[in-house]
Amino acid sequence: MARLARLDLTEDELERFTGQLGAVLEHAADIAALDIADVPPTAHPLPLVNVLRDDAPVASLDREEVLAQAPAAEDGRFKVPRILGEAP
Amino acid sequence: MTLAETARAVRAGERSAREIVDEHLALIADRDGALHAFNHVMTDDARAAADEVDRRVAAGDDPGSLAGVGVALKDNMCTRGVPTTCSSRILEHWHPPYDATILSRLAAAGAVMVGKTNLDEFAMGSSTENSAFGPTCNPHDPTRVPGGSSGGSAAAVAAGFVPAAFGSDTGGSIRQPAALCGVVGVKPTYGRVSRYGLVAFASSLDQIGPFAASVEDAALLFEVVAGHDPLDSTSVPEPAPSVVDGLGDGVEGLRVGLTKEFVEGADADVVARVEEAARALEKAGAIVSEASVPAAVYGLSAYYLIAPAEASSNLARYDGVRYGLRVDGDDITDMYTATRAAGFGAEVKRRIMLGTYALSAGYYDAYYGQAQRVRTLIIRDFEAAYADHDLLLGATSPTTAFEIGAKTENPLTMYLSDVFTIPSNLAGHPAISVPYGTGDDGLPVGVQVLAPALAEPLMFRAAAALERSLS
């Protein structure tokens, strides 16, 4: 689960969280036991769908200001470490 | 002095905004070292904004209905060029490239931003102890928590540093600290106040709202910031309602439901204050009877699946690429995992793990799907209760402010602090916490007035009547 969430947890954290999250899931057993398969789910409290703005150009964020906040940038772009393995 | 009186004096040139903000800054410099309500005090920006208000008054312009009013913002609201940390190491040095709509609206009304307040990291918590920069203390007793997650905003108003502050409420994060600090706290209807520029935690629940010393002040703040914003696609497409004008209308004939599920399990002294509040409303002409929202008892379980699920998705953006902390790694996946391990605190990691689990193949329907169905049950039960009642009444928090450190080892006991506030978030309804006396320990107790979606005018009216009953 930690790998899926891209979290590098220590042994100590894993042990502590396992107990703590177990208690939360145990509490959630009260709703897991409810027989409500026929009740529709609510994902969102407002009856809004597909809210679109007019397709007109508006000013975007200042590129220099945005890139100044990046941990690494080069040639007007974000810079990241190697994504693919070494070429064979 | 009310906010309206302050603004009137500034607009009339009787008081200068600069003098007012300097008073706030002096108080903060003197006393916030002990309380830690603020992560960042905007000393220079605040003085410049105040000077601008004074210049406009001198030039014959009207700066607006909050002229010269000092405001604190929870540090999860974007302020261009000013640190916005969410009390997290991962955003410790981030300066957003844009302003939140809430800030633009407050500034347009002549308010002066004084600083950014402490919170539980990414608004996940009920005590402000989950801040990476240390806890905030309760101004009524510095050994106690101010509540959370908007504990810094509640404490800043309770300590008198500023007369107004804003927080965000995902499961009670405005109302519960308001109750514990003895101030008024409002969670508006979902979508009523723009969230453009609010750092997202659980997007189907988050809502911004005000803190103030009185219902009237909170109502004025609400009027200024509420209303449709094209920059927030979840914003209710309606103009802000007028709430200040009706504050004196009273509760004659209003049907108020004292709601079983919002008092059961509270400490006896808290229950006693809620019952006194019910009698006070009755004396003022309301028709008070018992009410019930049966499915509300499942709110806590549903919330602690839905909110972490949404958070696990929202917080995926903190990956060390575009902004915030980066810890280098051999390849990009190493960089992601190392960055997030170093940047997030324990509670945030717990919730990301819980949410990832609740959304994972094989468990999705049993946890997340089931929680969403429970959400429907809660909405239905609220609708049934509102068929017989105009408003509902209950406690805000089951206890008064607890001691710092008392609940940090057992997250579940901490989560129970929000048991009375969570159902409003799940339903998207508005609710307000009004200070109503003290507990046996002498610490403030908050009473909660709940209303149907978009019924803020009625909610503020009843809250004002409650407040009057104390004087």
Side-chain angles (χ1 to χ4, degrees), chain A residues 1-10 13-14 16-34 36-46 48 50-54 58 61-73 78-85, chain B residues 94-95 97-98 190-191 204 230 233-234 236 298 300-302 304-305 312 316 319-326 328-338 340-341 344 346 349-350 352-354 356-357 360 366-367 369-377 379 410-412 415 426-428 453:
Chain A
M1 208 51 66
R3 209 166 38 245
L4 269 178
R6 296 284 185 265
L7 283 172
D8 196 3
L9 299 182
T10 64
E13 281 177 324
L14 274 176
R16 217 152 31 95
F17 292 173
T18 305
Q20 290 167 333
L21 295 179
V24 177
L25 290 175
E26 217 168 280
H27 192 273
D30 64 348
I31 66 166
L34 293 174
I36 49 172
D38 56 336
V39 175
T42 298
H44 197 270
L46 290 178
L48 295 172
N50 296 344
V51 178
L52 302 173
R53 67 168 172 83
D54 291 339
V58 291
L61 299 176
D62 181 82
R63 190 205 292 210
E64 291 310 310
E65 200 177 347
V66 169
L67 288 174
Q69 294 298 316
F78 298 113
K79 190 178 172 188
V80 295
R82 189 161 56 86
I83 290 177
L84 302 172
Chain B
W94 185 50
H95 293 67
Y98 65 102
Y190 179 82
S204 79
S233 63
T234 59
V236 174
Y298 299 118
L300 191 79
S301 288
Y304 278 99
L305 295 168
S312 70
D319 56 6
V321 174
R322 289 155 302 158
Y323 43 77
L325 181 74
R326 171 185 291 188
D328 288 325
D330 287 341
D331 60 23
I332 199 160
T333 308
D334 280 352
M335 188 276 280
Y336 291 154
T337 54
R340 291 161 63 81
F344 291 140
K349 288 176 182 169
R350 269 194 293 270
I352 290 174
M353 293 284 286
L354 186 57
T356 306
Y357 179 74
S360 61
Y367 287 112
Q370 191 76 349
Q372 287 189 316
R373 285 188 280 275
V374 168
R375 197 168 178 180
T376 305
L377 294 184
I379 292 170
N410 186 342
L412 191 57
Y415 297 172
L426 291 172

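Order of the sequence lines fixes the chain letters, A, B, ..., with proteins taken first and strands second; residue numbering starts at 1 for each chain.
Between the side chain of A/Glu13 and the backbone N or O of B/Ala346, no donor-acceptor pair lies under 3.5 Å. Of the possible polar contacts, none joining the B/Arg340 side chain to the A/Leu7 backbone as a donor-acceptor pair under 3.5 Å is found. The backbone N or O of A/Ile31 lies less than 3.5 Å from a partner atom in the side chain of B/Gln370, making a donor-acceptor pair. Under a 3.5 Å cut-off, the side chain of B/Thr376 and the backbone N or O of A/Thr42 do form a donor-acceptor pair.
Contact annotation: the side chain of A/Gln20 approaches that of B/Arg350 to within less than 4.5 Å [non-hydrogen atoms, C-beta and beyond]. At least one side-chain heavy atom of A/Leu25 sits less than 4.5 Å from a side-chain heavy atom of B/Tyr367. Two residues are said to be in side-chain contact when any heavy atoms from C-beta on lie closer than 4.5 Å; A/His27 and B/Tyr304 fail this criterion. Proximity of B/Thr234 to A/His44: side-chain heavy atoms (C-beta onward) are separated by under 4.5 Å at one or more points. Within the 4.5 Å cutoff, no side-chain heavy atoms of A/Val39 are placed close to those of B/Val374. Taking 4.5 Å as the limit, every side-chain heavy atom of B/Asp319 sits out of range of all side-chain heavy atoms of A/Arg6. The shortest side-chain heavy-atom distance between A/Ile83 and B/Asp331 does not fall under the 4.5 Å cut-off. Put simply, the side chain of A/Glu64 does not reach to within 4.5 Å of the side chain of B/Pro97, judged on heavy atoms.
Both the backbone and the side chain of A/Leu34 come within contact range of chain B, with heavy atoms under 4.5 Å apart. When heavy atoms are compared at a cutoff of 4.5 Å, A/Leu61 approaches chain B solely by way of its side chain, counted from C-beta outward.
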